[in-house]
Amino acid sequence: MEQPVSPRTEYERRRAGKQREIDRLRGTDDRVGSVGLWSASAAVAVGIVSFFSALPGVWVLLPLAVMIAARMVHLRYEAAIGILQSAASHYDRGLARMDDRWVGQGRQGREFESADHPYAGDLDLFGRGSLFELLCTVRTRAGEKTLARWLLSPGSPSEIRERQISVRELRERLDLREDLARLGDDAEAGVRPEELTAWGASPPELGPGVRLAARLLTAASIATLALFLLGITAYPFAAAVLSILMFNWRVSGRISRVTELGERAERELDLLAKVLRRLGTEPFTAPRLQSLQNSLRDAAGHVERLARLVQRLQSVRNELIRAVAGLVLWKAHCAFALEDWRTLRGKDIAGWLDAVGEVQALNALAMYAYENPDDPFPDIVEGAARFEGEQLGHPLLPRRTCVRNDVRLGEGSRVLIVSGSNMSGKSTLLRTIGANAALALAGGPVRARRVVLSPLALGATIRVQDSLQAGMSRFYAEINRIKQLMEMAAGGRPLLFLLEEVLAGTNSRDRKTGAELLLREFIRRGAIGLVTTHDLALAGAADTLGGTATNVHFEDQLVDGKLHFDYILRPGVVTRSNALALMKAIGLPVGNGSPDPSR
C-alpha cells in the first residue's frame, strides 16, 4: 500500500512547483520586455529617420504596435506571476506554522477581545501568538467573525459533530484552499459584515420623484451642452447646471447614504464574489457543506453584479472625468442602480455572509487538521460534566518542547487541586486544558492522544487583573469573575472552571475557608475544574471535600544551584518550595533563607 505523503512534503512539493512556474514565466516575461524595449527604440529611430528623410512617418506605427502588444503580454504575465506568488506564499505560511515560525505573521483578531469574556483573555484566544492567529487562514471578514464566534461560544453537540464531519471532508481539499489563497490578500481594509448587512436591510432612500428629476436634468444637461458647444446659446446650459447644483444640494445626503458603503466595500465585494464563485464549483458530500452551498446558489452572480455597480461608481476618480460625470448626475444614477439591487437582494446579504463565513471557518479548522495529522477529533458525549485527556499538550507550544500530561475530570474526581512551586507548570496546565476544550467545542481537532468531553461552558481566572481606571483591586476583579462563573454553573450547561491561585489576595485562613466553600458550591452545581495554589493549606480542602477533589502537583529539582522542571503532573501534594531558591538565583540577598538574629 502506498504510504500517505506528509503535509510538509506535500507543501514543499507544491511550493517548489509554483516557484518553477514563476521562474519560467519571469524568463518569458523578460524576453517579452526585451522585445518591447527594442520596439520602442525602433519607433524612436524610425521617427527620427522619417523626420530627416523622405521615409513615410506611417512606418513608425509598426514598431509602436509591437511595443503595445509586448506591453499587453507583459501585463498578462505579471498578473499570472502575482497569482502564483499568492499560492506560493500560502504554502510558505503553512510551512512556517509547521516550523513554529508563525507568530506575528497572521490576523490576531484583537477586535474580538472583550474584558468581560469568561475565558478569552485567559486562554490566549486573540492577540499575538494566539489560537486565533494560528487558526485564521480565512479570506474574508465574515470568515474571521465566524471563527472568532466559534472560539468564544461553544457549540451544541449536534453542531460540533456536523463541523467535525465537514472538517474531515475539507481536510484533504488542498486545491480548494490554494485557489482561495490565489484570490488575493485578506480584506483587512474591507467593511465589516454587520455594516454590509445593515446596508442591505436599509429602507429605500430615493423615491420615484428623485429618479424622475435626475433623468430630466441629465437629458436637459446633455441637450443644453450641445447647444452651448454649437455656439447657439449658453443660457439654457447655465440654467441646467444651476438646477443640477440645486438637485445635489437637496438630495446629496440621501445619495451618499446609498453609495458610501459601496465606495468603501469595493475590494471586499470583489473578493467575496470570487470566493462565492469558487465555493459554488466545489463538490461536497458532508450534509452541512451541501446545505451551505445550496444557500449560496446564485449568490455569486448577484454579488458580482453589485461589485460591478460599485466599480462603475468608482470609475470617475479622475478630477476632469468627475466634472463631466457631475453634469450627467453619474453618482445619482449609480445610486439608483445600487438602490434597485438592494431592494431586490439586500436582505439576502446576511445569509450569504453567514454561509461564506461558516464555510471559511470550517476550511480554517480543516487546514489546521491537515497540518497536524496526529491531532485527533475529540469524542463528544452526553451526560454529566466530563473532561478526559490523554497525553494532553498545548496547541500553541512547539511540539519538540511540549510536555504532555493526562487529565481526568468527571465522576471519579470533579476537582483537581494543583500545587507546585513557581514556574513548575501550573498555569500552563490550566491553559492547556482550556485551549483544547475551546478547540474541541468549536469543532476542531485537539493536541492530545485522545480527548473525551461532554458539552461544557468554560470559565477561567488565569489573567484576572486589577484596574486603576475602574478602581478595582486584583482580588475584587477575581471575585467578580468567580461570581460570573458561578452564575454560568447554574445555567443549562455544566461548567469547566480553571482557577489560578484562587483568592490569592486575602489571608491564608480566609483563603482556605473561602476556597473550600466555593469549590463545594461549584461541585453542587455540577461543575468540574482545576484550582492551582502555592498555599499548601488549601491542598487540605481535598480531605474536606471527600472523594470529589484530588490533589496533584508539579515538582522541581535544584541541581548545582539551578532549578530544573520536568512539567510532569504527579499525584499528591508538592513537598517543596522554590521561592527562596529563585530569589537567590537572581542575586537577592536572602542567604540560606534564615534571618540573621544579630541584625
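Because the structure is predicted, anything quoted here is derived from the model rather than measured. Position 1 is the first residue of the sequence, and the numbers go up from there.
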Item to check | Derivation of the salt bridge (charged side-chain N to carboxylate O under 4.0 Å, His left out) call for Glu382 and Arg161 | outcome: CA-CA 12 Å; Glu382 306 288 347; Arg161 294 187 186 103; 3.6 Å; yes
Checklist entry - Say you draw a straight line from CD of Glu516 to CD1 of Ile417; how long is it, rounded to the nearest 0.5 Å? => result 8.0 Å
Checklist entry - Any idea how Phe522 and Phe497 line up, ring-wise: parallel (<30°), tilted (30 to 60°), or perpendicular (>60°)? => result parallel
Checklist entry - Got a donor-acceptor contact below 3.5 angstrom from the Glu159 side chain to the Ser156 backbone? => result yes
Checklist entry - So is Arg163 actually on top of Trp150's ring, under 6.0 Å and inside 45° of the axis? => result yes
Next on the checklist: Using the rule given for side-chain contact (heavy atoms from CB on, under 4.5 Å), can you reason through Leu271 versus Leu183, listing the C-alpha separation, both sets of side-chain angles and the distance that settles it, and then say yes or no?
Outcome noted: CA-CA 7 Å; Leu271 176 60; Leu183 298 180; 3.9 Å; yes
Item to check | Verdict with reasoning, Glu144 to Arg107, per salt bridge (charged side-chain N to carboxylate O under 4.0 Å, His left out) | outcome: CA-CA 9 Å; Glu144 293 177 2; Arg107 296 280 290 137; 2.8 Å; yes
Checklist entry - With distance as the sole test, does Glu113 use its side chain to make a donor-acceptor pair with the main-chain N or O of Gly109 at under 3.5 Å? => result no
Checklist entry - Is the backbone of Gly420 close enough, under 3.5 Å, to the side chain of His553 for a donor and an acceptor to pair up by distance? => result no
Checklist entry - Tell me, do Trp102 and Arg93 make a side-chain contact under 4.5 Å, heavy atoms counted? => result no
Next on the checklist: Testing the 3.5 Å rule here: is there a donor-acceptor pair between the side chains of Gln19 and Arg15?
Outcome noted: yes
Checklist entry - Would you say Ser86's side chain and Gly82's backbone share a donor-acceptor pair under 3.5 angstrom? => result yes
Next on the checklist: Holding to ring-ring contact (aromatic ring centres under 6.0 Å, His included), I want the full list of residues that pass it with Tyr119, two or more places apart in sequence or in another chain.
Outcome noted: His117
Checklist entry - How far apart are the C-alpha atoms of Ile380 and Gln164, what are their side-chain angles, what is the distance that settles it, and do they pass the side-chain contact (heavy atoms from CB on, under 4.5 Å) test? => result CA-CA 11 Å; Ile380 308 297; Gln164 288 181 351; 4.2 Å; yes
Next on the checklist: I want to check something: taking the side chain as every heavy atom from C-beta on, are Ile165 and Leu289 in contact at a cut-off of under 4.5 Å?
Outcome noted: no
Item to check | Single hit among Arg399, Arg8, Arg400 for salt bridge (Lys or Arg N to Asp or Glu O under 4.0 Å) with Asp99 | outcome: Arg8
Item to check | Side-chain heavy atoms of Leu530 within contact of Leu499, under 4.5 Å | outcome: no
Checklist entry - Taking C-beta and beyond as the side chain, do Leu353 and Leu272 meet within less than 4.5 Å on heavy atoms? => result yes
Item to check | Under-4.0 Å salt bridge between Glu478 and Arg481 | outcome: no
Checklist entry - Which of these, Val303, Val275, Thr146, Leu292, sits in a side chain to side chain contact (heavy atoms under 4.5 Å, CB included) with Val356? => result Val275
Next on the checklist: A side-chain contact here means heavy atoms from C-beta on lying under 4.5 Å apart; do His90 and Gln85 qualify?
Outcome noted: no
Item to check | Donor-acceptor under 3.5 Å (Gln391 side chain, Arg404 main chain) | outcome: no
Next on the checklist: Please check if the number of heavy atoms outside Glu411 that lie under 6.0 Å from its CD is greater than 12.
Outcome noted: no
Checklist entry - To the nearest 0.5 Å, how far apart are CG in Leu569 and OG in Ser424? => result 10.0 Å
Item to check | For the student: nearest non-hydrogen atoms of Ala385 and Ile528, plus distance | outcome: CB-CG2, 3.8 Å
Next on the checklist: For Phe565 and Phe554, I'd like to know if the aromatic rings sit close, meaning centre-to-centre distance below 6.0 Å.
Outcome noted: no
Next on the checklist: Using 0.5 Å steps for rounding, measure from the CD atom of Glu358 to the CG atom of Asn363.
Outcome noted: 12.5 Å
Item to check | Smallest separation among heavy atoms of Leu392 and Ala448, with atom names | outcome: CD1-CB, 3.6 Å
Which pairs of donor and acceptor atoms, one on a side chain in residues 449-458, lie under 3.5 Å apart (sequence neighbours left out)?
from: Ser454; atom 1: OG; to: Ala384; atom 2: O; distance (Å): 3.4
from: Ser454; atom 1: OG; to: Arg386; atom 2: N; distance (Å): 3.0

Checklist entry - Taking atom CG of Asp179 and atom CG of Leu174, what is their separation to the nearest 0.5 Å? => result 10.5 Å
Item to check | Side-chain donor-acceptor contact under 3.5 Å, Thr9 with Ser6 | outcome: yes
Checklist entry - Where do Ser130 and Gln108 land on the side chain to side chain donor-acceptor pair (under 3.5 Å) test, with the steps shown first? => result CA-CA 7 Å; Ser130 63; Gln108 299 179 12; over 6 Å; no
Checklist entry - Closest heavy-atom contact between Ala364 and Leu147? => result CB-CD2, 4.5 Å
Checklist entry - Looking at CD of Glu178 and CD1 of Ile83, how far apart are the two atoms once the value is rounded to the nearest 0.5 Å? => result 11.0 Å
Checklist entry - Looking only at atom types and distance, does a side-chain atom of Ser291 sit under 3.5 Å from a main-chain N or O of Pro287, one as donor and one as acceptor? => result no
Next on the checklist: A side-chain contact here means heavy atoms from C-beta on lying under 4.5 Å apart; do Leu176 and Arg278 qualify?
Outcome noted: yes
Item to check | Polar side-chain atom of Gln360 near backbone of Arg141 as donor-acceptor pair, under 3.5 Å | outcome: no
Checklist entry - When you look at Lys426 and Ile462, which way does the side-chain contact (heavy atoms from CB on, under 4.5 Å) test go after all the steps? => result CA-CA 10 Å; Lys426 302 189 302 299; Ile462 302 171; over 6 Å; no
Checklist entry - So do Thr548 and Leu519 actually touch side chain to side chain, heavy atoms under 4.5 Å? => result no
Checklist entry - Would a 4.5 Å heavy-atom cut-off, applied to side chains only, mark Phe387 and Ile433 as touching? => result yes
Next on the checklist: For the CG atom of Leu123 and the CG atom of Leu430, what is their distance to the nearest 0.5 Å?
Outcome noted: 9.0 Å
Next on the checklist: Looking only at the side chains, is there a donor atom on one of Thr285 and Glu169 sitting less than 3.5 Å from an acceptor on the other?
Outcome noted: yes
Next on the checklist: Under a 3.5 Å cutoff, is there a donor and acceptor pairing between the side chains of Thr532 and Glu500?
Outcome noted: yes
Checklist entry - For Asp122 and Arg463, what are the C-alpha separation, side-chain angles and deciding distance, and is it a salt bridge (charged side-chain N to carboxylate O under 4.0 Å, His left out)? => result CA-CA 5 Å; Asp122 305 88; Arg463 283 205 177 121; over 6 Å; no
Checklist entry - If every non-hydrogen atom of Leu498 is compared with every non-hydrogen atom of Gly434, which pair is closest and at what distance? => result CD1-CA, 3.7 Å
Item to check | Worked verdict on Arg447 versus His394 for side-chain contact (heavy atoms from CB on, under 4.5 Å) | outcome: CA-CA 6 Å; Arg447 182 61 52 85; His394 200 301; over 6 Å; no
Checklist entry - Between Asp375 and Tyr368, does any side-chain donor sit less than 3.5 Å from a side-chain acceptor? => result yes
Next on the checklist: If you apply the rule salt bridge (charged side-chain N to carboxylate O under 4.0 Å, His left out), what do you find for Asp124 with Arg128, and how did you get there?
Outcome noted: CA-CA 9 Å; Asp124 303 298; Arg128 181 181 172 85; over 6 Å; no
Checklist entry - Can you list the residues that meet the ring-ring contact (aromatic ring centres under 6.0 Å, His included) rule with Tyr11, with sequence neighbours excluded? => result Tyr91, Tyr370
Checklist entry - Looking only at heavy atoms, which two atoms of Gln484 and Asp116 are closest? And how far apart? => result NE2-O, 3.0 Å
Next on the checklist: So which atom in Gly529 and which in Leu409 form the shortest heavy-atom distance, rounded to 0.1 Å?
Outcome noted: O-CD2, 3.6 Å
